[in-house]
**Q** 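If you scroll down you'll find the structure; I have some questions about it.
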Amino acid sequence: MLEARLVQGSMLRKVVDAVKDLVSDANIDVSSSGFSLQAMDTSHVSLIAMHLRADAFEHFRCDRPMSMGMSLANLAKVLKCAGSDDIVTLKANDDGDTVTFMFESPKEDRVSDFELKLMDIDSEHLGIPDTDYCATVTMPAGEYARICKDLSSIGDTVVISATKDGVKFTTSGDVGTANVTVRQNTTADKKEDQTIIDLKEPVALTFALRYLTSFAKATPLATHVTLSMTRELPVMVEYAIQDMGHLRFYLAPKIED
Amino acid sequence: TPMQNHLEEFYSLC
């Protein structure tokens, strides 16, 4: 039996809205540690890894680990029916082929439930080792989203280079070229305006902008985004889900052949 | 022009 009650149900909707265009179907794995989701996009160039800890839920019961295969588009449709302040409760039987979502308004004067059919999805799981990245950039999520949007109008490939001065995003295309440099800023009055760069050694990597732009759909989740880079490794783009967990995106670099 | 890699070149299936 699975029963999980999330007071801030809107977080679930923000997570699904952030990933549903990248991955269409995915297995949500539930265990005593919480909810996890790992899936690659169809081109196997990018990957999402989400974790919501069990202690994020007001009530969490998971008698035995289970994997719930879902269409993320259908899940998004169901979550769209929840009020932004609703409490969301998920229920599923161990051998069930459906999962039920219950939405309760804060004043408990409106309760609705939606039953979603589960699917059999055979997903390939990648082992992602903990990496001691050469460069870690924490910047305002809105700033990252704006850079992706602006540069996408100029080119489709971006070189991200992190040095001690800051992190530079460079692109070029038929229109011309563009550079955006974001400098370390640890003195901004508001914490959410700060940019923090932890550099072990300079690194520059090349990526397809359309994936980085897609990751920015997670902007409503958090005030900051963290980019972690190491030579010749995928970049990790991470949004914290408040203090409940994280939504991570990995993107394989483009390397001179 | 740089070639797009795939994740399996960096991470192993488990």
**Q** Measure distances from A/Ser43 to the heavy atoms of chain B and classify the residue's part below 4.5 Å as side chain, backbone, both or neither.
**A** backbone
**Q** For A/Pro253, is there any backbone N or O sitting under 3.5 Å from a side-chain donor or acceptor partner on B/Asn5?
**A** yes
**Q** Is B/Pro2 close to A/Thr206 at the side-chain level, that is, under 4.5 Å between some pair of heavy atoms?
**A** yes
**Q** Any donor and acceptor pair, going by atom type alone, linking the side chain of B/Glu9 with main-chain N or O of A/Ala252 inside 3.5 Å?
**A** no
**Q** Can you find a heavy atom in the side chain of B/Tyr11 that is under 4.5 Å from one in the side chain of A/Tyr250?
**A** yes
**Q** Got a sec: does the NZ of A/Lys200 have more than 12 other heavy atoms crowding it under 6.0 Å?
**A** yes
**Q** Just so I know, are the side chains of B/Leu7 and A/Met40 near enough to count as touching, which here means a heavy-atom distance under 4.5 Å?
**A** yes
**Q** Is the number of heavy atoms from other residues, nucleotides or ligands under 6.0 Å of A/Asp156 CG greater than 12?
**A** no
**Q** Minimum heavy-atom separation for B/Cys14 and A/Gly127, please, with both atom names.
**A** SG-N, 3.8 Å
**Q** With respect to chain A, which residue among B/Gln4, B/His6, B/Glu8 yields the maximal number of heavy-atom pairs within a distance under 4.5 Å?
**A** B/Gln4
